[in-house]
Amino acid sequence: CNLSLFRAGYVGVDVFFVISGYLMHQIITKSIRASAFSFSGFLVRRILRLYPAYCLFLTIITAYASTQLNYFEYDTFFNALTSAVLQTVNVYFFGHTGYFDAGSGNNYLLHLWSISLEWQFYLFFPLLLYFSYRNNISRLTMLSGLFACSFLLSLYSFHDAKMAFYWLPFRIWEFVVGAIAAEAQARNPPSAREKLYLASNIAGFSLILVPIIIYPSMDTSSFPGLLALPPVLGTALLLAAGSHRGPQRRLEIFMSPFVWIGNLSYSIYLYHWPIVVHFGKTDSSPADANNTLSVLLLTLACSVFSYYLVENVFRRIKRRAVVISWCAIAASCFVLALGGQRRALLASRLDEKQIHFQSFAHDTGGLDGKKILGAQGAPPIYLFFGDSHAQALMKIFDDLGVERHVSGLFVRTNHPLFNCARLYDYKKNPKEHQNEQEDIARLIQEFSIKNVIISARWSWYINGYLPHE
């Protein structure tokens with residue numbers, strides 16, 4: 001499923017972070033000023049607001065995934081599920097897959113990295129605001145300093161794009177911009193904001209929508225960084241402008257459906273990605289209009305159910321913190337127990353052939369780094385090069401070469417296509433492509449190679465996306 005006009009939908013997460021920082025700043029500072037702030041009370045309210053719908057979602061997706069995945073795929077899913085329950089799934093994906101990596105679109109829980117980041121923010125931000133209040137430190141100065149440090153860290157993280165994408169220190173500036181917007185709104189009277197209300201809304205929406213439309217659908221190195229600044233500032237403008245009861249009342253009436261969608265946004269975020277993955281695995285075209293409509297309608301239906309029958313119900317519950325905490329722990333244990341039970345069930349259905357076959361899935365027979373395949377000492381008669389898909393075939397070529405007393409050269413490269421205008425990575429780093437191409441050409445000339453074999457994941461290199469995306 002692919003909404004091509006809104007190809008940079010990942011920008012929505014940055015908007016979400018700004019809104020979160022704005023709301024948390026308002027909630028916490030209001031409690032502090034009323035001398036009613038309690039860190040445990042704050043966390044309990046967050047649990048009641050977010051965790052019931054979250055646990056229900058995990059329960060549903062765990063049961064569903066067990067019907068769609070084989071044991072080995074489900075084992076990977078269960079590892080991500082465990083991290084999702086512990087709110088460390090951003091750390092898990094940092095160690096296992098980049099957000100834009102080929103194949104990441106198959107993971108039902110990929111989108112939960114941002115919710116884990118949100119919970120980590122909840123543990124840090126209230127204490128920071130409370131510290132500034134108790135020590136008479138200017139909140140605006142403190143927030144501005146934190147913004148500068150985190151934003152600069154994000155800009156200079158080009159050496160590790162995955163870390164900048166997944167880790168809180170590189171992302172906290174987005175939350176802080178929302179907090180600064182709340183601080184600015186509190187310091188300016190409504191009369192001052194009314195003068196700029198319409199202009200702020202137009203500028204804010206433009207700064208959000210334009211990047212969503214013009215940014216590339218897959219960017220592995222330059223996002224968030226500077227590219228995240230326009231949508232972040234646009235969201236801050238919308239929030240700082242606040243509501244208005246003047247002549248532009250019609251604009252608010254026009255915006256009321258979007259307010260309703262905003263109320264559903266948490267549930268929409270939970271359910272949208274697994275639904276996209278499900279329809280993306282069908283044989284139809286990625287841009288199939290029926291698929292797109294099905295995704296939208298099913299996401300909306302799940303979100304309405306989750307919001308009205310789960311979120312709203314639990315939001316009204318008033319219980320002691322210890323009771324809520326134990327309920328959250330019990331719900332987490334239930335999700336993990338269900339996931340473990342489904343994994344054990346799938347494991348019991350495996351036969352020896354499946355286990356034996358899977359053991360070769362990521363095995364190159366200890367040939368990683370080997371340059372010559374087949375019979376040692378024999379002159380190479382072919383050149384074999386490609387990405388990890390070619391690497392997976394090394395063992396076969398090596399065994400056949402030994403059996404037939406021939407050898408060949410092997411080159412591992414992520415750039416198997418020469419001078420391809422549609423090749424995404426080629427546009428990013430043409431120099432790296434050129435160097436590898438020169439090496440391959442030199443080997444062909446040096447050994448008078450007549451036969452060249454190329455193996456790669458062609459859908460990724462040619463189209464820039466996988467078939468299901």
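Positions are given from 1 along the sequence.
In this pair, W113 and F165 present their aromatic rings tilted. The plane angle is within the 30 to 60° band. The aromatic rings of Y74 and F77 are tilted relative to each other, their planes meeting at an angle between 30° and 60°.
Nearest heavy-atom pair, H111 versus Y269, reported as atom, atom and distance to 0.1 Å: O-OH, 2.7 Å. Smallest separation of non-hydrogen atoms from V18 and A236: CG1-N, 4.1 Å. Across every non-hydrogen atom of P231 and V11, the tightest pair is CB-CG1, 3.4 Å. Among all heavy-atom pairs drawn from A53 and V310, the shortest one is N-CG1, 3.6 Å. Nearest heavy-atom pair across I275 and V295 is CG2-CA, 3.9 Å. Annotation for A84 and L112: closest pair CB-CD1, 3.9 Å, computed over non-hydrogen atoms.
Remark: the backbone N or O of I268 is not paired with any side-chain donor or acceptor of T299 at under 3.5 angstrom. Listed for the D75 side chain is no donor-acceptor partner under 3.5 Å among the backbone atoms of Y71. Although no hydrogens or angles enter the test, the distance criterion places no donor-acceptor pair under 3.5 Å between the side chain of N135 and the main chain of I137. The closest donor-acceptor contact from the side chain of S150 to the backbone of F147 lies at 3.5 Å or more, if one exists at all. The closest donor-acceptor contact from the side chain of E73 to the backbone of N70 lies under 3.5 Å.
Atom-to-atom distance recorded for Q341:CD and L336:CG is 13.0 Å, nearest 0.5 angstrom. Taking OG of S303 as the reference point, atom CD1 of I261 lies at 8.5 Å (rounded to 0.5 Å). Within the model, atoms OG1 of T59 and CZ of F334 stand 5.0 Å from one another, a figure rounded to the nearest 0.5 Å. Taking CD of E118 as the reference point, atom CZ of F16 lies at 4.0 Å (rounded to 0.5 Å). The line from OG of S132 to CZ of R139 is 6.0 Å long, rounded to the nearest 0.5 Å. Separating the CD1 atom in I115 from the CD atom in Q120 is a distance of 12.0 Å, to the nearest 0.5 Å.
Counting heavy atoms from C-beta on, the side chains of R134 and I32 never come closer than 4.5 Å. A 4.5 Å side-chain heavy-atom check between Q68 and Y108 finds at least one atom pair inside the cut-off. Contact of the L338 side chain with the L58 side chain is not registered, since no non-hydrogen atoms from C-beta on lie closer than 4.5 Å. Residues W173 and S154 have side chains in contact (heavy-atom distance under 4.5 Å, counting atoms from C-beta outward). In this structure, the side chains of F57 and Y271 come closer than 4.5 Å at one or more pairs of heavy atoms. The closest side-chain heavy-atom distance from F125 to H25 is below 4.5 Å. Y122 places a side-chain heavy atom less than 4.5 Å from the side chain of S20. Side-chain contact between L117 and I172 is absent, with no heavy-atom pair separated by less than 4.5 Å.
The side-chain contact (heavy atoms from CB on, under 4.5 Å) test applied to P126 returns I28, F37, F39, F42, not counting sequence neighbours.
When each of T88, N90, L168, L86 is tested with S116 by the rule side chain to side chain contact (heavy atoms under 4.5 Å, CB included), just one qualifies, namely N90. Evaluated for a side chain to side chain contact (heavy atoms under 4.5 Å, CB included) with T235, the options L233, L238, V232, L239 yield exactly one hit, L239.
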Let me see the working for V85 and T82 under side chain to side chain contact (heavy atoms under 4.5 Å, CB included), right down to the final yes or no. CA-CA 5 Å; V85 169; T82 303; 5.9 Å; no
Would V277 and N107 count as a side chain to side chain contact (heavy atoms under 4.5 Å, CB included) if you check the C-alpha gap in whole Å, the side-chain angles of each, and the deciding distance to 0.1 Å? CA-CA 8 Å; V277 172; N107 199 307; over 6 Å; no
Dump the intermediate steps for side chain to side chain contact (heavy atoms under 4.5 Å, CB included) on D14 and R171, then the final yes or no. CA-CA 9 Å; D14 304 88; R171 287 280 195 169; 2.7 Å; yes
For ring pair (Phe, Tyr, Trp, His ring centres under 6.0 Å), just list the numbers for Y51 and Y54, CA-CA rounded to whole Å, side-chain angles, deciding distance to a tenth of an Å, and then say yes or no. CA-CA 5 Å; Y51 218 66; Y54 186 74; 5.7 Å; yes
Test log, rule side chain to side chain contact (heavy atoms under 4.5 Å, CB included), inputs L50 and W119: CA-CA 10 Å; L50 302 175; W119 276 101; 4.1 Å; yes
When you look at W167 and F94, which way does the ring pair (Phe, Tyr, Trp, His ring centres under 6.0 Å) test go after all the steps? CA-CA 8 Å; W167 285 81; F94 167 72; 5.6 Å; yes
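Using modelled atom types and a 3.5 Å distance limit, the side chains of H278 and Y64 yield a donor-acceptor pair. Between the side chains of S306 and Y266, no donor-acceptor pair of N or O atoms lies under 3.5 Å. Residues Y22 and Q185 have side chains that bring a donor and an acceptor to within less than 3.5 angstrom of each other.
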